[in-house]
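Note that ligands are numbered from 1 as they come in the structure, with each ligand's atoms numbered from 1 the same way. Numbers here simply count residues along the sequence, with the first being 1.
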Amino acid sequence: MSESSRPIGVAVLGMGNVGTEVVRILTDKAADLQARVGAPLELRGVAVRDTTRTRDGVDPALLTDDPMALVQRDDVDLVVELIGGIKPARKLILTALEGGKSVVTANKALMAEHAGELSKAAEDRRVDLYFEASVAGAIPVIRPLTQSLAGDSVTRVAGIVNGTTNFILSEMGESGAGYGKVLAEAGRLGYAEADPTADVEGYDAASKAAILASIAFHSRVTASEVHREGITGISAKDFDAAKKFDCTIKLLAICERIDVDGEQKISARVYPALVPLDHPLATVNGAFNAVAVEAENAGRLMFYGQGAGGAPTASAVLGDLVMAARNRVFDGRGPLESTYAGLPVASIDEVPTRYYVSMKVADVAGVLHQVSGEFAQRGISIAAVRQEGAGDDARLIVVTHRASDRAQSDTVAALEKMDSVLKVSSVLRLEGTDD
Ligand SMILES: NC(=O)c1ccc[n+]([C@@H]2O[C@H](COP(=O)([O-])OP(=O)(O)OC[C@H]3O[C@@H](n4cnc5c(N)ncnc54)[C@H](O)[C@@H]3O)[C@@H](O)[C@H]2O)c1
Ligand SMILES: N[C@@H](CCO)C(=O)O
Ligand code: NA
């Protein structure tokens, strides 16, 4: 062995759903990993909250409740951060990078807010910062975007990037199962975040959208710039309504380059939307994720697989770990952060969307005319109207063609004020269609 194939010291921070699987694979596959890296990966320590708890297959001597001391050890070359959240993860990663150690993380919340600071620290010390596991678990999306498509121009990245909400929506759509029960099951299966509000309110998907938009469009987009709506307002009634239009409901993350009055902007948005049953995303169920990428020369690419869960996510972490370790051995480096395009983020108001509006109306002559008049006044063309029920149960469902989201939401606000519209019961956007 050459001098460069000295063992690579690895520190793992956090031993929850993902950390446990990473440690297992590091141990079980040590020989294969060594062959792929060109040097042995040696686990120097595992930071946990409770060092007194025994953990299968882990030497208790490796456990520590002082992650900062572990990160600073001279014999640690690579740090794998799997604690999650901003504190203490940000400081630990910064310390590692500043100390000349490469970092692998699955932390989308952190990468979506602090990518600039962390990338700079990595560049200053010429070390790697990899985060494939932070978006869509096992599915390779970061590396295809930052490396395979580095010579193309990406126009759109869109799909299902949150396993927990997709699991909940799939169950609600198929069996009509109650929301709370399905969410608890998602937690038990290791899909949900430590605080599942991040999943169901769309924060997790918004973080992923920010990461995807940043790397796809060579700009910097943070989670707070992503328009975000969660799934807590979605009910069985919405699914019934969706079925009538041959659609299902999915929480989508959409990142696009759009033209706003001649200016190129980024639209990054997360919301539950109607998706036609014959669209590829409609059949992505459970904790599976799917990401469609459109690029000027490559055309359309689809990525599909397990977007959450300990072992699938650990697969992506290990992929990054092998890359970072090989770079140590062979003195290479992964791609740097690329933000040269510096595109601004569009407001949701500027984005062309399609709306589905279901309302309870007074069963009197002229209601349809009044309602369609509100859409027409704002230049919105109607694609379909359905009248259902009669008397106290008279309902009107309108599906529009594409128009600015501002015009659509203003129309809904106007409908809510009309005497003949008793209640706007459901408003959803419609995606996965051309018009
Ligand atoms: N679970 C998934 O499916 C999944 C998928 C992709 C990415 N991720 C990301 O991976 C990361 C970890 O997720 P997880 O599901 O394993 O979470 P988890 O809550 O199961 O694990 C986190 C672990 O970190 C430990 N911890 C907290 N503070 C600590 C500290 N100061 N020192 C040492 N340990 C500490 C906790 O005790 C816990 O065991 C998060 O950033 C998450 O967003 C998770
Ligand atoms: N909580 C996340 C984990 C994967 O990033 C999800 O459900 O998708
Ligand atoms: Na991934």
Checklist entry - Can you pull the side-chain hydrogen bond (donor to acceptor under 3.5 Å, both in side chains) pairs that have at least one residue in residues 51-70, sequence neighbours excluded? => result Asp50-Thr52
Checklist entry - At a 4.0 Å cut-off, with the gap strictly under it, does some heavy atom of Gly190 reach an atom of ligand 1? => result yes
Checklist entry - Is the closest N or O pair between Ala192 and ligand 2 shorter than 3.5 Å? => result no
Checklist entry - Is there a heavy atom in Val48 that sits closer than 4.0 Å to ligand 1? => result yes
Would you mind writing out the side-chain donor-acceptor pairs for residues 306-317 within the sub-3.5 Å range, not counting sequence neighbours?
residue: Thr313; atom: OG1; partner: Gly309; partner atom: O; Å: 2.7

Item to check | Chi angles and distances behind the salt bridge (charged side-chain N to carboxylate O under 4.0 Å, His left out) call for Arg269, Glu431 | outcome: CA-CA 12 Å; Arg269 54 197 203 267; Glu431 293 288 346; 3.5 Å; yes
Pairs of donor and acceptor atoms involving the side chains of residues 286-297, under 3.5 Å and at least two apart or interchain, shall be tabulated with distances.
residue: Glu294; atom: OE2; partner: Arg300; partner atom: NE; Å: 3.4
residue: Glu296; atom: OE2; partner: Arg257; partner atom: NH2; Å: 3.2
residue: Asn297; atom: ND2; partner: Asp152; partner atom: OD1; Å: 3.2

Checklist entry - What are the atoms of ligand 2, with element, lying closer than 4.0 Å to any heavy atom of Asp199? => result 1 (N), 2 (C), 6 (C), 7 (O)
Checklist outcome for this item: Checking heavy-atom distances from atom 6 (C) of ligand 2 to each of Thr313, Asn107, Asn162, Ile168, the winner is Asn162
Checklist entry - Of all the non-hydrogen atoms in the protein, which one sits nearest to atom 23 (C) of ligand 1, and at what distance? => result Gly16 N, 3.7 Å
Next on the checklist: Quiz question: by atom type and distance under 3.5 Å, do the side chains of Thr165 and Asp199 form a donor-acceptor pair?
Outcome noted: no
Checklist entry - Among Gly187, Gly309, Gly14, whose heavy atom sits nearest atom 25 (C) of ligand 1? => result Gly14
Checklist entry - For ligand 2, is Gly137 a contact, meaning one of its heavy atoms is under 4.0 Å away? => result no
Checklist outcome for this item: The protein heavy atom nearest to atom 42 (C) of ligand 1 is Glu193 OE1, 3.5 Å
Checklist entry - Which protein N, O or S atoms sit under 3.0 Å from the Na ion (ligand 3)? => result Glu132 O, Glu132 OE2, Val135 O, Gly137 O, Ile139 O
Next on the checklist: Could you check whether Lys120 pairs with Glu117 (Lys NZ or Arg NE/NH1/NH2 to Asp/Glu carboxylate O, under 4.0 Å)?
Outcome noted: no
